[in-house]
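Quick note: numbers below take in every heavy atom, side chains included, and nothing from hydrogens, waters or symmetry partners.
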Amino acid sequence: MRHQRVINWALGLFAIIFIGGALIIPTPTIKKQVTTFSNLFTGQSTTKAPSHQVADSKLGQKYQLSTSDLATLNNLKVTGIGDSIMVRTTSDLKAVLGQFTVNAKVGRQVSAAPAIITQLKDNQQLAKNVLINLGTNGPTDTQTIDSIINQIGQHHEIFWVNTRVPGKAWQDSNNQLIATAAKKYANVHLVDWLYVSQDNRNWFIDDNLHPNTLGEREYTSTVGQALAKYGRK
């Protein structure tokens with residue numbers, strides 16, 4: 001019994017030191033390690049440690065990207081079309097992408113995309129890789145999504161980030177449409193932000209929708225890994 005009390009006391013002390021130290025340096029890596037360690041005591045499962053080798057550099061550590069990821073991203077040209085989520089994450093995305101042309105606006109609906117794509121094409125600003133973050137502000141439909149994909153064209157890789165809109169009826173229906181499109185079109189890639197972020201309330205501001213500083217870094221990590229894997233130079 002005494003031996004067990006000593007073990008419990010040691011584990012508790014280690015947890016306090018480990019978690020307390022992590023709060024001083026709130027990087028994604030540390031927070032994931034804290035969460036994993038905390039599961040031993042709480043039984044709650046949230047994020048896991050990264051499954052890939054993270055580069056030993058400032059950008060690698062900040063965005064949890066490998067040396068190969070960073071090298072690939074630095075050589076990519078990407079056009080972004082989005083809403084307030086992309087507005088908030090633009091500076092982080094620009095930090096890892098070689099060239100990132102952005103057209104993002106707060107409150108934007110999916111239906112606004114066709115006019116934007118036309119303008120980008122007319123100005124020769126539509127890169128081979130197109131990152132879309134639309135679907136946050138209201139429902140859409142299959143016809144609209146198919147029209148956007150066909151307008152962009154099969155010679156572009158399209159990365160569509162699904163949406164996290166807690167309490168809104170269109171969250172699941174929009175995400176199902178995006179997932180269906182990714183299965184239907186070979187050049188469309190689903191970036192599953194909802195899955196990555198769903199158990200991480202601390203990544204968001206009070207509305208539980210828009211990412212905070214930590215969430216913006218995690219978003220960039222998620223998008224960055226998808227672009228590094230499927231992006232076209």
Side-chain angles (χ1 to χ4, degrees), residues 27-29 31-32 46-82 85-86 88-102 104 113 117 120 125-135 145 148-150 152-164 174-200 203 211 214-233:
T27 64
T29 303
K31 282 185 175 293
K32 287 177 181 177
T46 53
T47 51
K48 297 180 180 179
S51 58
H52 58 283
Q53 184 66 41
V54 175
D56 186 18
S57 66
K58 185 176 180 180
L59 282 180
Q61 294 296 315
K62 183 174 182 179
Y63 297 110
Q64 296 295 280
L65 295 168
S66 69
T67 300
S68 176
D69 289 338
L70 291 172
T72 299
L73 294 172
N74 187 55
N75 288 313
L76 292 184
K77 294 181 180 180
V78 181
T79 298
I81 303 172
I85 307 302
M86 189 170 288
R88 295 183 69 95
T89 55
T90 290
S91 61
D92 289 88
L93 290 167
K94 284 186 173 180
V96 298
L97 293 173
Q99 182 176 317
F100 187 42
T101 302
V102 189
I117 295 166
L120 289 168
Q125 293 181 323
L126 194 66
K128 290 181 179 179
N129 305 288
V130 181
L131 176 64
I132 300 177
N133 198 138
L134 293 172
I145 289 182
I148 290 169
I149 292 169
N150 289 322
I152 292 172
Q154 62 182 353
H155 298 299
H156 300 263
E157 298 298 320
I158 301 170
F159 299 82
W160 203 311
V161 184
N162 67 8
T163 188
R164 173 193 173 105
N174 282 2
N175 287 346
Q176 183 59 55
L177 291 173
I178 296 168
T180 298
K183 293 179 181 178
K184 181 178 180 181
Y185 298 94
N187 65 321
V188 177
H189 312 281
L190 166 65
V191 182
D192 202 350
W193 175 236
L194 177 63
Y195 175 78
V196 172
S197 67
Q198 61 184 344
D199 294 325
N200 295 281
W203 293 3
L214 176 59
E216 290 162 9
R217 284 150 55 181
E218 296 287 356
Y219 178 98
T220 301
S221 174
T222 302
V223 170
Q225 290 178 58
L227 283 165
K229 186 172 183 179
Y230 299 108
R232 185 183 299 186
K233 294 182 181 179

Point to revise | Minimum heavy-atom distance G224-L73, with the two atoms named | key: O-CD2, 3.5 Å
Review point. Side chains of K233 and L76: does their closest heavy-atom pair fall under 4.5 Å?
Key: yes
Review point. With side chains defined as the heavy atoms from C-beta onward, is the minimum distance between P211 and R88 less than 4.5 Å?
Key: yes
Exercise for review: Describe, in one word, how the ring planes of Y230 and F159 are oriented to each other, choosing from parallel (under 30°), tilted (30 to 60°) and perpendicular (over 60°).
Suggested key: tilted
Check your understanding: Is V161 close to I85 at the side-chain level, that is, under 4.5 Å between some pair of heavy atoms?
Key -> no
Review point. Would you say the side-chain atoms of T89 pair up with the backbone N or O of T220, donor to acceptor, closer than 3.5 Å?
Key: no
Practice item. Would you indicate whether the side-chain heavy atoms of I81 and L120 approach each other to under 4.5 Å? Key: yes
Check your understanding: Can you check side chain to side chain donor-acceptor pair (under 3.5 Å) on T180 and Q176, steps first, answer last?
Key -> CA-CA 6 Å; T180 298; Q176 183 59 55; 3.3 Å; yes
Point to revise | Steps toward side-chain contact (heavy atoms from CB on, under 4.5 Å) verdict (V223, N133) | key: CA-CA 11 Å; V223 170; N133 198 138; over 6 Å; no
Review point. Taking C-beta and beyond as the side chain, do V102 and M86 meet within less than 4.5 Å on heavy atoms?
Key: yes
Exercise for review: Any chance you could lay out the side chain to side chain donor-acceptor pair (under 3.5 Å) test for Q225 and S221, step after step, and finish with the verdict?
Suggested key: CA-CA 6 Å; Q225 290 178 58; S221 174; 3.1 Å; yes
**Study point:** Derivation of the side-chain contact (heavy atoms from CB on, under 4.5 Å) call for I132 and I148
**Key:** CA-CA 10 Å; I132 300 177; I148 290 169; 4.1 Å; yes
Exercise for review: For residues L134 and A113, report the shortest heavy-atom separation together with the two atoms involved.
Suggested key: CD1-CB, 3.8 Å
Review point. To the nearest 0.5 Å, how far apart are NZ in K62 and CZ in R217?
Key: 6.0 Å
Practice item. Take H156 and L126 through the side-chain contact (heavy atoms from CB on, under 4.5 Å) test and state the conclusion after the steps. Key: CA-CA 9 Å; H156 300 263; L126 194 66; 4.0 Å; yes
Review point. Rounded to the nearest 0.5 Å, how far apart are CG of L177 and OG1 of T163?
Key: 12.0 Å
Check your understanding: Hey, are the side chains of Y63 and L70 touching, using non-hydrogen atoms and a 4.5 Å cut-off?
Key -> no
Check your understanding: If you measure from NE2 on H155 to CG on N187, what distance do you get to the nearest 0.5 Å?
Key -> 10.0 Å
Review point. Looking at CG of N174 and CH2 of W160, how far apart are the two atoms once the value is rounded to the nearest 0.5 Å?
Key: 9.0 Å
Review point. Does a sphere of radius 6.0 Å around CD in Q154 hold more than 12 heavy atoms from other residues, nucleotides or ligands, not counting ones at 6.0 Å or beyond?
Key: no
Check your understanding: When you look at CG of D56, are more than 12 heavy atoms from neighbouring residues, nucleotides or ligands closer to it than 6.0 Å?
Key -> no
Exercise for review: Check the surroundings of atom OH in Y185: do more than 12 heavy atoms from other residues, nucleotides or ligands lie under 6.0 Å from it?
Suggested key: yes
Check your understanding: With distance as the sole test, does N162 use its side chain to make a donor-acceptor pair with the main-chain N or O of L194 at under 3.5 Å?
Key -> yes
Exercise for review: With rounding to the nearest 0.5 Å, note down the distance linking CZ in R164 to CH2 in W203.
Suggested key: 9.0 Å
Point to revise | Residue pair T72 / A228: nearest heavy atoms and the distance that separates them | key: CG2-O, 3.6 Å
Revision key, fill the gap. Value for CG (D192) from OG1 (T222), rounded to nearest 0.5 Å, stands at 9.0 Å
Review point. Closest approach of I149 and A181, non-hydrogen atoms and distance?
Key: CD1-CB, 3.7 Å
